[in-house]
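Note that the numbering runs from 1 along the sequence shown for the chain. What you see is a predicted model; the values in this text were computed from it and never measured.
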Amino acid sequence: MEIPHLPLGSWIETGLNWLTSEYSVVTRGISRFTQTGINSLNDGLMWLPEWALLALIALLCWKLAGPRLAIGGAAGLALIWNMGLWNPMIETLTLVVIATLVAIIIALPVGIAAALSERLYRVIMPVLDFMQTMPAFVYLIPAIPFFGIGSVSAIFATVIFSMPPAIRFTTLGIRQVPIELIEAADSYGATRSQKLFKVQLPLSLPTVMAGINQTIMLALSMVVIAAMIGADGLGSEVWRAIQRLRPGDGFEAGIAVVILAMLLDRLTQSFRRTSK
């Protein structure tokens with residue numbers, strides 16, 4: 001007995017074609033707005049001399065995490081500068097910053113709503129499981145018909161890929177607030193919004209920051225992969241080295257990615273420690 005084939009792939013393709021044709025005006029507007037933001041931030045960071053931006057980042061590291069991170073961050077950025085990868089590093093940093101900001105703006109309200117609503121929590125958890133299990137390369141497929149080849153598609157794919165940890169950790173942090181504190185707030189007549197902004201969110205802030213940290217790391221990994229669809233930055237350097245069979249250039253770009261990842265990770269961890 002032959003089981004009929006379920007044309008799931010053709011259904012998805014038909015749905016994507018319908019969305020891209022019906023909402024092309026919206027996607028073009030989003031693409032232009034996002035590209036303007038990318039160009040503005042990129043040009044602003046590149047306008048600063050390399051030594052000036054390096055000094056500013058080192059000063060930020062010193063203020064937030066102490067001299068060890070400042071010295072290590074300055075040494076790592078100086079190595080990236082020495083390898084001639086400063087501009088690709090800036091392009092990668094721009095994409096990570098914009099994608100992370102968009103992901104956080106979406107994820108925090110969703111995470112708060114899921115923490116306060118048991119019904120929404122039960123609906124959204126399987127969706128997050130699906131999003132985190134899906135291979136990263138799959139997110140590049142719908143980005144191209146919506147936004148074409150380039151950095152905007154990379155932002156779109158990166159936001160979708162990196163958003164689940166921020167939602168999960170926000171929900172987890174709020175739901176782990178001790179019930180005794182919630183009851184104490186109720187006994188003093190606190191409204192729902194007062195409980196959220198004065199009790200639940202402040203107490204859950206370290207957990208929320210851990211989710212933001214994971215979002216940044218996933219965004220950085222996805223931005224590198226997105227070089228396959230035309231995203232600029234260190235990922236394009238790795239991709240170019242693969243195409244031209246230049247392992248040395250590829251390892252140099254990979255080392256720059258590691259330095260940038262470690263710097264962003266330590267900075268966000270310092271935010272997490274100060275929020276405790």
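- Hydrophobic clustering (side-chain heavy atoms under 4.5 Å, transitive across Ile, Leu, Val, Met, Phe, Trp, Tyr) groups V159 together with F137.
- Proximity of F169 to V208: side-chain heavy atoms (C-beta onward) are nowhere separated by under 4.5 Å.
- In plain terms, the two heavy atoms of L69 and C61 that are nearest each other are CG-CB, 3.9 Å.
- Residues D186 and K195 are in side-chain contact: their nearest non-hydrogen atoms beyond the backbone lie under 4.5 Å apart.
- A distance-only check finds no donor-acceptor pair linking the side chain of S162 to the backbone of L218 [under 3.5 Å].
- Not a single donor-acceptor pair under 3.5 Å links the side chain of T100 to the backbone N or O of V97.
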Practice prompt. In sequence, state the C-alpha distance, the side-chain angles, and the governing distance for V152 and R32, and then conclude on side-chain contact (heavy atoms from CB on, under 4.5 Å).
Written response: CA-CA 9 Å; V152 177; R32 285 193 295 268; over 6 Å; no
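- Put simply, the side chain of T268 gets close to the backbone of D265: a donor and an acceptor are under 3.5 Å apart.
- One distance of note links CG of L220 with OG1 of T215; it measures 12.5 Å at 0.5 Å rounding.
- To the nearest 0.5 Å, the span separating CG on L79 from CD1 on I259 amounts to 4.5 Å.
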Fill in: side-chain contact (heavy atoms from CB on, under 4.5 Å) between V257 and T92, worked out
CA-CA 9 Å; V257 172; T92 298; 5.9 Å; no
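- Contact detail for E237 and P88: the closest heavy-atom pair is OE2-CG, 3.8 Å.
- The environment of CZ in R240 is crowded: more than 12 heavy-atom neighbours from other residues, nucleotides or ligands sit within 6.0 Å.
- Here the closest non-hydrogen pair linking A58 and A70 is O-CB, 3.4 Å.
- By the 4.5 Å heavy-atom criterion applied to side chains, I174 and L201 are counted as neighbours.
- Without hydrogens or angle criteria, T27 side chain to F147 main chain gives no donor-acceptor distance under 3.5 Å.
- I30 is not connected to F33 by any chain of hydrophobic side-chain contacts under 4.5 Å among Ile, Leu, Val, Met, Phe, Trp and Tyr, and they are in different clusters.
- Two residues are said to be in side-chain contact when any heavy atoms from C-beta on lie closer than 4.5 Å; V238 and L234 fail this criterion.
- I105 is not connected to M222 by any chain of hydrophobic side-chain contacts under 4.5 Å among Ile, Leu, Val, Met, Phe, Trp and Tyr, and they are in different clusters.
- Contact of the L128 side chain with the M125 side chain is registered, since non-hydrogen atoms from C-beta on lie closer than 4.5 Å.
- Residues G73 and L263 approach most closely at CA-CD1, 4.0 Å, considering heavy atoms.
- Of all heavy-atom pairs between V199 and A185, the closest is CG2-CB, 4.2 Å.
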Practice prompt. Applying side-chain contact (heavy atoms from CB on, under 4.5 Å), run through L93 and L41 and close with a yes or a no.
Written response: CA-CA 10 Å; L93 181 62; L41 181 57; over 6 Å; no
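- Judged by distance alone, with hydrogens and angles left aside, the side-chain atoms of Y121 form no donor-acceptor pair with the main-chain N or O of G111 at under 3.5 Å.
- Taking CG of N39 as the reference point, atom OG of S151 lies at 8.0 Å (rounded to 0.5 Å).
- Nearest heavy-atom pair, I38 versus T94, reported as atom, atom and distance to 0.1 Å: O-CG2, 3.7 Å.
- The shortest distance between side-chain heavy atoms of V110 and M163 does not fall below 4.5 Å.
- No more than 12 heavy atoms of other residues, nucleotides or ligands sit less than 6.0 Å from atom CH2 of W62.
- Residues E50 and L54 are not in side-chain contact: their nearest non-hydrogen atoms beyond the backbone lie 4.5 Å or more apart.
- Under a hydrophobic-cluster definition in which Ile, Leu, Val, Met, Phe, Trp and Tyr are linked whenever side-chain heavy atoms come within less than 4.5 Å, directly or via other members, I229 and V223 are assigned to the same cluster.
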Item to complete: List the steps, then state whether side-chain contact (heavy atoms from CB on, under 4.5 Å) holds for V224 with W239.
Response: CA-CA 9 Å; V224 174; W239 183 240; over 6 Å; no
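- Panel note: side chain S31, backbone R28; no donor-acceptor pair is recorded below 3.5 Å.
- Judged purely by atom type and a 3.5 angstrom limit, S204 uses its side chain to pair as donor or acceptor with the backbone of Q200.
- Rounded to the nearest 0.5 angstrom, N42 CG and D232 CG are separated by 8.0 Å.
- In this structure, the separation between CG on L48 and CG on L56 is 6.5 Å, given to the nearest 0.5 Å.
- Checking side-chain atoms of T191 against main-chain N and O of Q194 turns up a donor-acceptor pair under 3.5 Å.
- In this structure, D249 does not pair ionically with R244, as no charged nitrogen and carboxylate oxygen lie closer than 4.0 Å.
- No side-chain donor from either of E91 and N87 sits under 3.5 Å from a side-chain acceptor of the other.
- With a 4.5 Å cut-off on side-chain heavy atoms, I225 and L140 count as touching.
- In this structure, CZ on F156 lies 14.0 Å from CZ on F161, to the nearest 0.5 angstrom.
- Looking only at distances, no side-chain donor or acceptor of T171 sits under 3.5 Å from a matching main-chain atom of A114.
- Listed for the N213 side chain is no donor-acceptor partner under 3.5 Å among the backbone atoms of M209.
- Residues Y139 and L95 share a hydrophobic cluster, clusters being chains of Ile/Leu/Val/Met/Phe/Trp/Tyr side chains in contact below 4.5 Å.
- Look at E118 and R175 and you find a salt bridge, because one of the NZ, NE, NH1 or NH2 atoms lies within 4.0 Å of a carboxylate O, short of that distance.
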Item to complete: Verify side chain to side chain donor-acceptor pair (under 3.5 Å) between R168 and Q214, making sure each step is shown before the conclusion.
Response: CA-CA 11 Å; R168 282 189 184 277; Q214 293 299 307; over 6 Å; no
